[in-house]
Amino acid sequence: MIELHRIRTDKKAIIDGLHKRGLSNAEGLIQAIYNLDIEKRAIQLQLDNLSATLNKLNQEIADVLRKKDPAATLEAKKEESNQLKKKIKQLAEKFKAHGSDLLAQLYTLPNLPHESVPAGSHADDNVIIYQTPRMVVKGGSAHWDLVKKYDLVDFELGNKITGAGFPVYKGKGAKLQRALINFFLDQALKAGYTEIQPPILVNEASAYATGQLPDKEGQMYQIASTPFYLIPTAEVSITNIYRDAIIAESALPVKHVGYTPCFRREAGSWGADVRGLNRLHQFDKVELVQIAHPDYSYAKLEEMLTYVQGLVEQLALPYRVLKLCDGDLGFCAAMTYDIEVYAIAQDKWLEVSSISNFETFQSNRLSLRYKDKTKKTCLLHTLNGSGLALPRVLAALLELNQTPEGIHIPKVLQPYTGFDIID
RNA sequence: GGAGGGUUGGCAGAGUGGUUUAAUGCAACGGUCUUGAAAACCGUGGUACUGUUAAAAGUACCGAGGGUUCGAAUCCCUCACCCUCCUCCA
């Protein structure tokens, strides 16, 4: 959520930032919030003054009673208090309405892009900042054929048990995926991340705090019996550990890694992109979360990017790094790098990681702060990145490493799989 | 699922209708003393909002939301969470 004081003090910069993201009506939206804020403060001033008067009046009543004065003035004061209370109640309702209105409007605004984010309105405008030098030549069977041939993933079974997009991993397919999870977790531990196993259902407050609500309500699965949501990413649960928290500066940066299943309705997705493991309703992901001091959060973003590149390189997958343009940024992000691996048989780039700095966008909703040297409480920066999303890595690995004899397992995974070939 | 007890500042813990602007203790921070430290003593106290050049000052917050009352941490209702016992269970 954009900080209100920035709208008060630097309206133009906010409007410009939103324009970059393609919000053509930014000016109207911001002006409405600006006006609402002024009105709200005027109401608060009145309200506070009336409350102060009421408090004094009640004290006077107490004094009258204590002195056991003839209570001639008592009823009059009570009546006055009642009148005042009526006024306060009306005003308080107006104040509350303004507050929730203001919040609702602020909630709908996406984050502002960092100044270094490339201009653009479509995914085509994203900038490729790195690509594996020696490009493999496309060819071979697509992974959806390979998993059938070697009985690694069964989509039909998933259809039967749940529905489309909920595959069943079997035998060496299941073992390979588990090997990847453990490999990713171990690598993260080595890089100084602390492992978390969070709940995969979250309440409404959590979903608001990290920005899934109200923006992506339709993309999450809801529980019918309870107002809970299945997490679309571990980021939601892990970041919410720090909701309503003040962290000591000495404890920064906070670095967490967590493995969870992720659930996405993917409403509106269709076509060839959803084939096989490319896009699922349930998938596994190892997620990295960092909470960093504002002064060096961008250094942490680069650190995370380098770290995730290291993972893909150890798996010997061809990949590229994109810096997302203004128009393709996620709702909460100020800057995002995507890492895409090349699926050789499909001849497609598959996004396996998205690494973002949210700056204060989430911490403002979370109320996640630290105390600076002058003891002032300030918002922290939150970051996250996938490290990595499992099914697409699996798909790319299978397609890349297929041979007539079988599918070879990358060296770094063999200690985890216990086998070096799927045949 | 059933019954009972609870939720107060960083922590512990008093407080059952009006000097509670929440006692007291611990921890913390600042100071005095000291060569330095400890101890002792003195002082400061959270969060958010409004307000101001800066202050001052004001308002709200005792799990959340509502209600009763001139006045609620305190009484009533709803909900969440925690503890104990019973039941069930990986």
Side-chain angles (χ1 to χ4, degrees), chain A residues 1-9 33-107 197-209 213 222-223 225-229 237 240-252 254 261 360 363-380:
Chain A
M1 189 161 64
I2 295 174
E3 294 167 69
L4 189 56
H5 76 84
R6 292 181 68 186
I7 294 178
R8 275 186 207 162
T9 56
I33 289 173
Y34 186 85
N35 293 341
L36 198 55
D37 177 50
I38 288 176
E39 276 176 44
K40 186 189 159 207
R41 282 147 75 194
I43 295 170
Q44 181 174 356
L45 199 59
Q46 280 183 56
L47 190 60
D48 285 358
N49 286 336
L50 288 180
S51 297
T53 310
L54 181 67
N55 288 342
K56 270 185 211 129
L57 191 56
N58 290 334
Q59 194 54 52
E60 283 171 28
I61 292 172
D63 288 342
V64 169
L65 288 172
R66 199 169 301 111
K67 288 174 192 155
K68 296 200 166 95
D69 283 348
T73 56
L74 192 62
E75 289 310 314
K77 281 186 191 298
K78 280 191 185 179
E79 181 53 28
E80 196 184 336
S81 178
N82 273 328
Q83 290 303 323
L84 202 50
K85 238 180 19 161
K86 244 182 237 168
K87 245 192 240 171
I88 288 174
K89 196 170 180 183
Q90 275 179 5
L91 211 53
E93 265 163 34
K94 203 168 155 193
F95 180 68
K96 214 168 150 186
H98 272 67
S100 54
D101 202 7
L102 190 62
L103 200 59
Q105 292 189 33
L106 281 170
Y107 269 141
Q197 279 191 15
I200 60 176
L201 292 180
V202 294
N203 58 30
E204 236 173 38
S206 293
Y208 266 101
L213 288 178
Q222 288 185 61
I223 304 301
S225 59
T226 325
F228 291 162
Y229 295 84
S237 319
N240 267 283
I241 293 172
Y242 298 97
R243 174 149 48 86
D244 291 320
I246 296 179
I247 299 182
E249 222 177 322
S250 59
L252 297 172
V254 172
T360 60
S363 62
N364 191 25
R365 294 175 169 220
L366 288 157
S367 195
L368 165 55
R369 294 149 300 162
Y370 73 102
K371 284 205 195 279
D372 73 5
K373 286 169 187 76
T374 65
K375 290 185 174 172
K376 204 177 145 209
T377 46
C378 309
L379 294 174
L380 284 161

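A note on names: the letters A, B, ... follow the listed sequences, proteins ahead of strands, and every chain is numbered from 1.
Following rounding to the nearest Å, A/N49 (CG) and B/A60 (C1') show an atom-to-atom distance of 14 Å. Between the CD atom of A/E93 and the P atom of B/G65 there is a distance of 15 Å, rounded to whole Å. Between the CG atom of A/D244 and the P atom of B/G10 there is a distance of 12 Å, given to the nearest Å. Rounded to whole angstrom, the span from the CG atom of A/L368 across to the P atom of B/U47 amounts to 16 Å. To the nearest angstrom, P of B/U59 lies 21 Å from NZ of A/K94. Taking atom CG of A/N203 as the reference point, atom P of B/C79 lies 18 Å away to the nearest angstrom. Distance, A/I43 CD1 to B/U59 C1': 15 Å, rounded to whole Å. The distance from atom CD of A/E204 to atom P of B/A64 is 18 Å, rounded to the nearest whole Å.
Nearest-nucleotide positions on RNA chain B for A/Q59 and A/S51 put A/Q59 closer to the 5' end.
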N/O contacts under 3.5 Å, protein versus nucleotides 70-73 of chain B?
from: B/C70; atom 1: O2'; to: A/N58; atom 2: OD1; distance (Å): 2.5
from: B/C70; atom 1: O2'; to: A/S81; atom 2: OG; distance (Å): 2.3
from: B/G71; atom 1: OP1; to: A/K85; atom 2: NZ; distance (Å): 2.5
from: B/G71; atom 1: OP2; to: A/K85; atom 2: NZ; distance (Å): 3.3

Name the pairs: protein N/O against N/O of nucleotides 49-53 of chain B, kept only if under 3.5 Å.
from: B/C49; atom 1: O2'; to: A/Q44; atom 2: OE1; distance (Å): 2.6
from: B/C49; atom 1: O2'; to: A/Q44; atom 2: NE2; distance (Å): 2.8
from: B/C49; atom 1: O2; to: A/Q44; atom 2: NE2; distance (Å): 3.3
from: B/U50; atom 1: OP1; to: A/R8; atom 2: NH1; distance (Å): 3.0
from: B/U50; atom 1: OP1; to: A/R8; atom 2: NH2; distance (Å): 2.7
from: B/U50; atom 1: O4'; to: A/Q44; atom 2: NE2; distance (Å): 3.3

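Within the nucleic acid shown, A/K96 comes within 4.0 Å of sugar-phosphate atoms alone, with no base atom in reach, counting heavy atoms only. When heavy atoms are screened at a 4.0 angstrom cut-off, A/S367 is found touching no nucleic acid atom at all.
On the P atoms, B/G2 is 15 Å away from B/C88, given to the nearest whole Å. Atom C1' of B/G17 sits at a distance of 11 Å from the matching atom of B/A73, rounded to the whole Å. Straight-line distance between the P atoms of B/C42 and B/C33: roughly 16 Å, to the nearest whole Å. The separation of B/A14 from B/U69, taken at their P atoms, amounts to 32 Å, rounded to a whole angstrom. B/A22 sits 15 Å from B/U16 when the C1' atoms are compared, rounded to a whole Å. Between B/G15 and B/G63, the distance separating the two P atoms is 15 Å to the nearest Å.
Listed pair A/K89 / B/G66 fails the phosphate criterion, with no side-chain N or O lying under 4.0 Å from OP1 or OP2. At the phosphate of B/A60, OP1 or OP2 sits under 4.0 Å from a side-chain N or O atom of A/N55. The side chain of A/R369 places an N or O atom within less than 4.0 Å of a non-bridging phosphate oxygen (OP1 or OP2) of B/A48.
Looking only at side-chain heavy atoms (C-beta outward), A/Y242 and A/V254 come within less than 4.5 Å of each other.
Note on residues 35-57 of chain A: pairs passing salt bridge (Lys or Arg N to Asp or Glu O under 4.0 Å), not counting sequence neighbours, are A/R8-A/D37, A/D37-A/R41.
A donor-acceptor contact shorter than 3.5 Å is absent between the side chain of A/N240 and the backbone of A/R243.
Shown here are the side-chain contact (heavy atoms from CB on, under 4.5 Å) partners of A/P227, two or more places apart in sequence or in another chain: there are none. Partners of A/T53 according to the side-chain contact (heavy atoms from CB on, under 4.5 Å) rule, which considers only residues two or more places apart in sequence or in another chain, are A/L84.
With pairs defined as Watson-Crick or G-U wobble and both atom distances under 3.5 Å, the stems of at least three pairs that touch RNA chain B come out as B:1-7 with B:80-86, B:10-12 with B:24-26, B:28-32 with B:40-44, B:46-50 with B:57-61, B:63-67 with B:75-79.
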